[in-house]
Engineer: 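Next up is a structure, given as structure tokens.
Scope of the values below: all heavy atoms of this structure, side chains included, with no hydrogens, waters or symmetry mates. This one's a predicted model, so the numbers in the text were calculated from it and none came from an experiment. Within every chain, numbering begins at 1; the chains are lettered A, B, ... in the order of the sequence lines, protein sequences first and strands thereafter.
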Amino acid sequence: MTGDALDTAAPFELASPVLEVAPSLLGAFLEAGGVRLRLTEVEAYAGVGEDPGSHAHRGRTPRTEIMFGPPGRLYMYFTYGLHWCANVVTGPAGRASEVLLRAGEVVSGQEAARVRRQGAPDRDLCRGPARLATALGLDGGSLGVDLLDPSSPVRLLAGSHDPVRVHTGPRVGVAGEGAQRPWRFWLDGEPTVSPYRAAVTRTRN
DNA sequence: TGATGGATTACA
DNA sequence: GTAATCCATCAA
């Protein structure tokens, strides 16, 4: 191993509170569609009644159903009429909390990722949640996959990171009361971390 | 049944 | 700066 400055590559404890799980995923690997990436940026979303920014804030609906189940499953959502984004369900079952996978560095399978993200420079292959999903070929068909099952088409693999490099800040594109919570986590200095944008006030008239 | 507004990205 | 473009959710 590299040394004691690094977290050990211990088994995931996805059932822990989401604010603990989210930073622990930095440096971990996600593998799907012939591509493996190292996570460099994530965001935490707490569930029912706790987080106005969460899709599950208003409770159980067909879309959020998967979040109310056991941790370690994949929650995919479709947004802006174009894009899919990938999340890991975390926390005790029933809490409906999750971690949005915002960005990563492709460490193997670059060829497959480049085909899916045609024209993008390597650094941008997974720089942003929808780009990440596209590069790995993830969409609604992957909803509910168990990320810890080695036989799954989408897998989360243990990794490590230097805790000193973990930075936090407000979540991207989140409006309202939850906007100020510093629930975005990234590895400082990584070129694959996506740029921060405040919530866009819808263009009116 | 209709309205509304996105946990975004690409491009002018 | 803004178009693209589907659908979950909410109001009635």
Engineer: So, A:Ser194 and A:Glu41: side-chain donor and acceptor under 3.5 Å apart, yes or no?
Structural biologist: yes
Engineer: Which sits closer to the 5' end of DNA chain B, A:Leu132 or A:Phe78, going by the nucleotide each is nearest to?
Structural biologist: A:Phe78
Engineer: Parallel, tilted or perpendicular for A:Phe78 and A:Trp84, by the 30°/60° rule?
Structural biologist: tilted
Engineer: Are any side-chain N or O atoms of A:Glu43 and backbone N or O atoms of A:Val172, one a donor and one an acceptor, separated by less than 3.5 Å?
Structural biologist: yes
Engineer: Using a heavy-atom distance cut-off of less than 4.0 Å, which residues of residues 81-97 of chain A contact DNA chain C?
Structural biologist: A:Gly81, A:Leu82
Engineer: Just say parallel, tilted or perpendicular for the rings of A:His55 and A:Tyr77, cut-offs at 30° and 60°.
Structural biologist: perpendicular
Engineer: What is the distance, to the nearest angstrom, from the CZ atom on A:Arg60 to the P atom on C:dA8?
Structural biologist: 17 Å
Engineer: Return yes if the base of C:dA4 and the side-chain atoms of A:Tyr80 contain a donor-acceptor N/O pair under 3.5 Å, otherwise no.
Structural biologist: no
Engineer: Across all strands shown, which nucleotide pairs with C:dT5 by Watson-Crick or G-U wobble geometry, both distances under 3.5 Å?
Structural biologist: none
Engineer: Select base, sugar-phosphate, or nothing to describe what A:Arg117 touches, counting heavy atoms under 4.0 Å on all strands.
Structural biologist: sugar-phosphate
Engineer: Can you tell me the pairing partner of B:dA7 across any strand shown, Watson-Crick or G-U wobble, with both distances under 3.5 angstrom?
Structural biologist: none
Engineer: Quick check on B:dT8: is either OP1 or OP2 less than 4.0 Å from any side-chain nitrogen or oxygen of A:Arg197?
Structural biologist: yes
Engineer: Take atom CD of A:Gln118 and atom C1' of B:dT9, then tell me their distance rounded to the nearest Å.
Structural biologist: 16 Å
Engineer: Tell whether A:His55 reaches the base of C:dA8 with its side chain through a donor-acceptor pair below 3.5 angstrom.
Structural biologist: no
Engineer: Using whole Å, report how far CG of A:Asp139 lies from P of B:dT8.
Structural biologist: 18 Å
Engineer: Does a sphere of radius 6.0 Å around CZ in A:Arg117 hold more than 12 heavy atoms from other residues, nucleotides or ligands, not counting ones at 6.0 Å or beyond?
Structural biologist: yes
Engineer: Quick one: A:Met67 CE to C:dT9 C1', roughly how many Å, whole number?
Structural biologist: 13 Å
Engineer: Rounding to an integer number of angstrom, what distance separates C:dT5 and B:dG2 when you compare their P atoms?
Structural biologist: 23 Å
Engineer: To the side chain of A:Thr61, which of B:dA7, C:dA8, B:dT9 is closest?
Structural biologist: C:dA8
Engineer: Below the 4.0 Å mark, does B:dA10 have OP1 or OP2 next to a side-chain nitrogen or oxygen of A:Arg131?
Structural biologist: yes
Engineer: What does A:Gly53 touch in the nucleic acid at a heavy-atom separation under 4.0 angstrom: a base, only the sugar-phosphate, or nothing?
Structural biologist: base
Engineer: For the pair A:Arg95 (side chain) and A:Ala46 (backbone), establish whether a donor and an acceptor sit closer than 3.5 Å, ignoring hydrogens and angles.
Structural biologist: no
Engineer: Expressed as a whole number of angstroms, how long is the span from A:His57:NE2 to C:dA8:C1'?
Structural biologist: 16 Å
Engineer: Out of B:dT9, C:dA8, C:dC6, which nucleotide sits closest to the side chain of A:Arg63?
Structural biologist: C:dA8
Engineer: Starting at atom CG of A:Leu125, determine the distance to atom P of B:dT9, rounded to an integer number of angstrom.
Structural biologist: 13 Å
Engineer: Provide the closest heavy-atom pair for A:Thr40 versus A:Val193 in the form atom of the first, atom of the second, distance.
Structural biologist: O-CG2, 3.8 Å
Engineer: Looking at A:Leu26, is its backbone amide N or carbonyl O close enough to the side chain of A:His161 to form a donor-acceptor pair, meaning the two atoms are under 3.5 Å apart?
Structural biologist: yes
Engineer: Roughly how many Å is it from CZ in A:Arg127 to C1' in B:dT8, rounded to a whole number?
Structural biologist: 14 Å
Engineer: Does the structure show A:Tyr77 stacking with B:dA7, if we require the centres to be closer than 5.5 Å and the planes to be within less than 30 degrees of parallel?
Structural biologist: no
Engineer: Starting at atom CZ of A:Arg171, determine the distance to atom C1' of B:dT8, rounded to an integer number of angstrom.
Structural biologist: 16 Å
Engineer: Of all the choices, B:dA7, B:dT9, C:dT9, which nucleotide is nearest to the side chain of A:Tyr45 once you look at every atom?
Structural biologist: B:dA7
